S.K.: 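Let me begin by handing over the structure; questions about it come next.
The sequence lines fix the lettering, A, B, ..., with proteins before strands; numbering per chain opens at 1. Model, not experiment: these values are computed from the prediction.
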2 protein chains.
Amino acid sequence: MSIYIEKNRRTKQLIQKSFMLILEKKSFESITIGDITKAAKINRGTFYLHFKDKYDLLEQIEQQLFSDLGTHIDDLQSQYSSTSTFKKEQEDLAVTLFQFIEIHSPMLRIFLSDRGRAGFHIRFRDAFSKKVRLNLEKNETFNERLKFPIEYFLSFITSAFLGLIEQWVQNGLDKTPQEMAMLYIDIISFIQNKE
Amino acid sequence: MSIYIEKNRRTKQLIQKSFMLILEKKSFESITIGDITKAAKINRGTFYLHFKDKYDLLEQIEQQLFSDLGTHIDDLQSQYSSTSTFKKEQEDLAVTLFQFIEIHSPMLRIFLSDRGRAGFHIRFRDAFSKKVRLNLEKNETFNERLKFPIEYFLSFITSAFLGLIEQWVQNGLDKTPQEMAMLYIDIISFIQNKE
DNA sequence: CTCAATTTTCAACATGTTGTTTAGTAACAT
DNA sequence: ATGTTACTAAACAACATGTTGAAAATTGAG
């Protein structure tokens, strides 16, 4: 019985492992069940014993990841004392998050870089980022003051914008463009002014 | 001859229009060429006279959108004088961007909300956002000081993080988690301290 | 160890989608 | 009229999907 579960899990993990390997070379959408089972050297039908479909497989892998992230943040928050400052907590959170990313980078590298399709947000960022870069690089003093690579600055700014955009659209455009721009400025100074 | 080109364009636009309509109800991946041509009341073969495949169709629509965004930003930048301040330019850019979003919101609502799949970044943000929210809401003074809806703050912060994460991973983890956390703080104060 | 029950694997099937191709039609230009 | 262009209709092979019934492997009970 124990070996059954072992075998069961082993096959399931084999499928997940093979899937992740293929995902390094092909986009998610272009991967077929056949690709996965061929790589795992099992019958295609066996796949359906473990997963509903390709999307279920991805979902299960992602959920393990998210659950792991939740644990990391919970651990951090349990250490907070009443004397912790906002800024310190922000920094700790940042460290925790980036540490988590580092640990899971093999998997995240694949998920975050899948340009197969669906990567609309990536292409949107690229298009927007290119424009902002041109604007910034004309500014002489800008590059001198910069303590960090410009691509990080661009990723930060364009993603933050995209986040606000997504929320705005999701809220059914509950604000005017001017209000949104003000919101953007306010959030920046809010973050900065917290001591 | 002129009417021929009319016919051609009309069919192509009809396909694009039908596609966008279907996209409001079904996810991109689940839409078949047959769905589109059936809705457009044209032969399936005709689709292939205008587009290579489903992805080509999406790409062409997106490219029109991005090209339009580029024009908007170009227009703005041509108005900059040597006396413009960084902060003013930032604000103008924000206004221009959000105005653009407003104009194209019907299309963007669909693109940005397609959870069909590929929406990994969305699910990642949700998972991370949930944790940050819990942490923030424990802070009494936080909610009082807030001039804007918390969901916007969360979208901003989590997206900005995600942007840095994507860049970091893309750069092959060229920094330590601590450096990344510092980078995050530095960018915030850099933006804020620009006058 | 043996064997029946259970679990896992597999080959084959029906179904549906894709992209291509062929032949034919209709509208227009020269 | 003749040729060109844009589309239609139907058929095609190639391939992917999810299911099923039979076979094989693994297990615990006797």
Side-chain angles (χ1 to χ4, degrees), chain A residues 1-62 110 114-119, chain B residues 1-64 110 114-119:
Chain A
M1 174 207 172
S2 66
I3 296 183
Y4 262 167
I5 294 177
E6 273 311 309
K7 266 240 159 183
N8 190 318
R9 286 216 181 118
R10 215 187 285 159
T11 303
K12 187 164 183 172
Q13 282 170 352
L14 180 63
I15 292 172
Q16 291 179 331
K17 213 167 170 180
S18 301
F19 170 67
M20 293 304 295
L21 275 173
I22 298 170
L23 207 45
E24 289 179 23
K25 291 167 193 163
K26 301 178 70 172
S27 77
F28 173 74
E29 296 305 336
S30 70
I31 294 175
T32 67
I33 313 292
D35 290 337
I36 299 165
T37 55
K38 208 174 62 188
K41 285 175 193 137
I42 57 168
N43 186 272
R44 205 167 53 79
T46 307
F47 177 91
Y48 294 100
L49 267 312
H50 296 279
F51 303 99
K52 196 177 149 287
D53 52 27
K54 204 170 62 164
Y55 303 98
D56 182 41
L57 167 59
L58 183 65
E59 212 157 296
Q60 290 196 31
I61 293 176
E62 277 188 15
I110 294 162
D114 186 356
R115 299 186 148 258
R117 179 97 289 95
Chain B
M1 173 207 174
S2 65
I3 296 181
Y4 265 164
I5 293 176
E6 273 311 309
K7 269 224 163 185
N8 188 319
R9 286 213 180 121
R10 213 186 286 160
T11 302
K12 187 164 183 172
Q13 282 170 350
L14 180 62
I15 293 173
Q16 291 179 330
K17 213 168 170 179
S18 301
F19 170 67
M20 292 305 296
L21 275 173
I22 298 170
L23 207 45
E24 289 179 22
K25 292 166 194 162
K26 300 178 71 173
S27 78
F28 174 74
E29 296 305 336
S30 70
I31 295 175
T32 68
I33 312 292
D35 290 336
I36 299 165
T37 55
K38 208 174 62 188
K41 284 173 194 140
I42 59 168
N43 187 270
R44 202 167 58 83
T46 307
F47 177 91
Y48 293 100
L49 296 180
H50 295 278
F51 304 98
K52 193 177 152 286
D53 53 28
K54 206 170 60 164
Y55 302 98
D56 182 41
L57 167 59
L58 183 64
E59 213 158 296
Q60 289 195 33
I61 293 176
E62 276 189 17
Q63 263 162 15
Q64 284 171 223
I110 295 163
D114 186 358
R115 300 187 147 258
R117 180 99 288 94

S.K.: Mark yes or no for whether A:Lys17, through its side chain, and A:Ala40, through its backbone, hold a donor-acceptor pair below 3.5 Å.
M.R.: no
S.K.: Starting from C1' on C:dT9, measure out to CD1 on A:Ile15 and report it in whole angstrom.
M.R.: 11 Å
S.K.: Answer whether the closest heavy-atom distance between the side chains of A:His50 and A:Thr46 falls below 4.5 Å.
M.R.: yes
S.K.: Expressed in angstrom and rounded to an integer, what is the separation of A:Ile33 atom CD1 from D:dC15 atom P?
M.R.: 17 Å
S.K.: Got a sec, which pairs hit side chain to side chain donor-acceptor pair (under 3.5 Å) with one end in residues 30-41 of chain A, sequence neighbours left out?
M.R.: A:Lys26-A:Asp35, A:Ser27-A:Ser30, A:Thr32-A:Asp35
S.K.: Evaluate the side-chain proximity of B:Phe51 to B:Glu59: yes if any heavy-atom separation is below 4.5 Å, no if none is.
M.R.: no
S.K.: Taking atom P of C:dT17 as reference, at what distance in whole Å does atom CD1 of B:Ile31 sit?
M.R.: 13 Å
S.K.: Can you sort out the partners of B:Ile61 under side chain to side chain contact (heavy atoms under 4.5 Å, CB included), two or more places apart, ordered by chain and number?
M.R.: B:Gln16, B:Phe19, B:Met20, B:Leu57, B:Met107, B:Phe111
S.K.: Starting at atom CD of A:Glu29, determine the distance to atom P of C:dT17, rounded to an integer number of angstrom.
M.R.: 16 Å
S.K.: With rounding to the nearest 0.5 angstrom, report the OG1 to CG distance, B:Thr11 to B:Leu49.
M.R.: 9.5 Å
S.K.: Calculate the interatomic distance between B:His50 atom NE2 and D:dT8 atom C1'; express it in whole Å.
M.R.: 12 Å
S.K.: Want to know the stems of DNA chain C: at least 3 consecutive Watson-Crick or G-U pairs with distances under 3.5 Å, which are they?
M.R.: C:1-30 with D:1-30
S.K.: Among residues 35-46 of chain A, which ones have heavy-atom contacts with DNA chain D below 4.0 Å?
M.R.: A:Arg44
S.K.: For B:Arg10 and C:dA27, give me the distance from atom CZ to atom C1', rounded to whole Å.
M.R.: 12 Å
S.K.: In terms of side-chain heavy atoms of A:Thr11, which of C:dT9, D:dA6, C:dG19 is nearest?
M.R.: C:dT9
S.K.: Measuring from A:Leu21:CG to A:Glu24:CD, what's the distance to the nearest 0.5 Å?
M.R.: 5.5 Å
S.K.: Just the rounded figure in Å: distance from C1' of C:dT8 to CG of A:Leu49.
M.R.: 7 Å
S.K.: Return the CZ to CD1 distance between B:Phe47 and B:Ile36, rounded to the nearest 0.5 Å.
M.R.: 5.0 Å
S.K.: Under the side-chain hydrogen bond (donor to acceptor under 3.5 Å, both in side chains) test, which residues partner B:Gln60, sequence neighbours left out?
M.R.: B:Lys12, B:Asp56
S.K.: Rounded off to whole Å, could you give me the CZ-to-P distance for the B:Phe51 and C:dT17 pair?
M.R.: 20 Å
